[in-house]
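See below for the structure under consideration.
Order of appearance sets the numbers: ligands from 1, and atoms from 1 within every ligand. Only a predicted model underlies this, so the values are computations on that prediction, with no experimental measurement involved.
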Amino acid sequence: MYSLVINGGRPLRGEVQISGAKNAVLPILAATLLTPERCVLRRVPDLSDVNYMARILTELGAKVRVQGGTIAVAAERVRGVAGYDLVRKMRGSICVLGPLLARLREAQVSLPGGCVIGARPIDLHLKGLRGLGASITIEKGFVCAKARRLTGAELFLGGRSGPTVLGTANVLMAAVLAEGVTVIESAACEPEVVDLAHFLVAMGAKIEGVGSPTLRVTGVRELHGAEHEVIPDRIEAATFAVAAAATQGEVTLRGARPEHLTAVLDKLQEAGTRVRRVAGGLTVTGGRRPRPTDVTTQPYAGFPTDAQAQMMVLMTQAPGISILTERIYESRFMHVSELARLGADITLEGPSAVVKGATRLSGAPVMASDLRASAALVLAGLVAQGETRVRRIYHLDRGYERLDEKLAGLGAQVRRVAE
Ligand code: EPU
């Protein structure tokens, strides 16, 4: 078990390369199961979640070769059973269900189980697949899906909190091989879903309306191998942007796509941060004193829930009251009590966190609970005076490629130590 030890109070300065997007590459890897032909993915981040997905594909029968930032998958023969030991560690693994069902007409995938950021049901995934003609039962902890054939249908995938990202991905991956036309209404518009759709189109799928809430899919008989470069990770970019702002530094995010970050950049500017587009990325300059802002998380193109915890750290540095409302996962506030250990003044009121600033944070040992909460604790450690020790950083390694090295490259005093 490793910890990050951070000596804070220094502005981040310099350039950082943004890696490929974790949440794009996971469903794209699942999509390689749709064809027996070889697929090649580039700009694949070296993350434990990605390695884990590669292992799942291997256990399903695919041949997976990882070389640097490139993964080649050849799923010539696949079997349709993904057990609990494979699925439980990562909820993203549920997106093998759609491709396995489409390819084999039968799949058994273990239910992924609970998650620290709140209930994460898969009812919308199942509703969509049933709509395509699958019969689905839950047996002994497995989703058992069967279909003599999948048939195009009109599907509505909106839920209580809006569209579903992986649900849209799962159903889209089944619809591309269904007979006839499928219309998915209230589809997720996240750039990661768009990236998946681009990969599927490169494989021979017919999809219209990519990036909009209405996807129209005309099923094809089979898909072929394809090559694809994964989009840069907008949440990693957002994390570094907030880090630059909160430490009052200046960081150039190489490879970041400003068009994927509009809501985050808008809020950063409202908080007094300067944002400039530069060739191949953008430069973020923290203001002398951040201004308080209110943020509500929403489906894309709204402010992403995956950047909520990080944004809260910046709010602790703004004199006055900032209110952060979480509309995607109501209990995604595990970082609040840990931030309080560094001195932050945050009160939870229902789905909102009321942040009173500006606080001079001071270093302390803290415990990471999930990926984005961990990122927020690291950011808080960079702002705090003195030493912060963030424990259980395996969460960070799931979703941030070499975060400690990248931060050190920006002048942070941070080291990884074994507990
Ligand atoms: N929901 C349902 N029923 C479903 C599916 C979702 O009610 O069948 C609800 C969820 O409970 C939640 C909302 O719909 O309230 C949105 O969840 P969504 O399905 O969009 O989340 P996800 O697809 O399971 C992905 C990311 C998450 C990210 C969310 C929201 C991956 C691997 N995960 O999850 O990323 O927070 O979209 O943008 O793509 C992370 O990277 O740290 C992370 C948690």
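Selection from L196, T164, I235 by nearest heavy atom to atom 19 (O) of ligand 1 gives T164. If you check each of P121, G167, P299 against atom 5 (C) of ligand 1, the one with the closest non-hydrogen atom is P121.
Residue R332 places a heavy atom under 4.0 Å from ligand 1. Judged by the shortest distance from any of its heavy atoms, R372 lies inside the 4.0 Å radius around the atoms of ligand 1.
Between the side chains of K406 and S19, at least one donor N or O lies within less than 3.5 Å of an accepting N or O. Judged purely by distance below 3.5 Å, without hydrogens or angles, the side chains of E185 and T214 pair a donor atom with an acceptor atom. A donor atom on one side chain and an acceptor atom on the other are not found under 3.5 Å apart for S93 and Y52. Between the side chains of E326 and T305, at least one donor-acceptor pair of N or O atoms lies under 3.5 Å. Under the 3.5 Å distance criterion, with hydrogens and angles disregarded, no donor-acceptor pair is assigned to the side chains of H395 and D370.
The ligand atoms of ligand 1 that sit less than 4.0 angstrom from a heavy atom of H125 are 8 (O). Near K22, with a cut-off below 4.0 Å to any heavy atom, the atoms of ligand 1 are 40 (C), 41 (O). Close contacts of ligand 1 with I122, meaning ligand atoms under 4.0 Å from a residue heavy atom, involve 4 (C), 8 (O). Taking every non-hydrogen atom of S161 and a distance limit under 4.0 Å, the qualifying atoms of ligand 1 come out as 13 (C), 15 (O).
Just one of R402, K22, R392, R416 meets the salt bridge (charged side-chain N to carboxylate O under 4.0 Å, His left out) condition when paired with D397; it is R416. Checking each of V295, T293, T316 against V355 for a side-chain contact (heavy atoms from CB on, under 4.5 Å) leaves exactly one that passes, namely T316.
In terms of polar-atom proximity, defined here as any N/O pair under 3.5 Å, G92 makes no such contact with ligand 1. Residue G162 has no nitrogen or oxygen atom sitting less than 3.5 Å from a nitrogen or oxygen atom of ligand 1, judged on distance alone. Considering backbone and side-chain atoms alike, N23 places an N or O below 3.5 Å from some N or O of ligand 1.
Heavy-atom contacts from other residues, nucleotides or ligands closer than 6.0 Å to NZ of K127 number more than 12.
Look at R216 and E154 and you find no salt bridge, because none of the NZ, NE, NH1 or NH2 atoms lies under 4.0 Å from a carboxylate O. Using a cutoff of 4.0 Å between basic side-chain nitrogens and carboxylate oxygens, R103 and E222 are not scored as salt-bridged.
Contacts with ligand 1 closer than 4.0 Å are made by heavy atoms of both the backbone and the side chain of I328. When heavy-atom distances to ligand 1 are checked against a 4.0 Å cut-off, K127 has no atom that comes that close, whether in backbone or side chain. No part of M53 comes within 4.0 Å of ligand 1, judged by heavy-atom distances. In T305, the part holding a heavy atom less than 4.0 Å from any atom of ligand 1 is the side chain. With a heavy-atom cut-off of 4.0 Å, L371 touches ligand 1 through its side chain alone. If you look at Y329 next to ligand 1, the close heavy atoms, those under 4.0 Å, all belong to the side chain.
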Where do R38 and T32 land on the side chain to side chain contact (heavy atoms under 4.5 Å, CB included) test, with the steps shown first? CA-CA 8 Å; R38 185 166 175 267; T32 64; over 6 Å; no
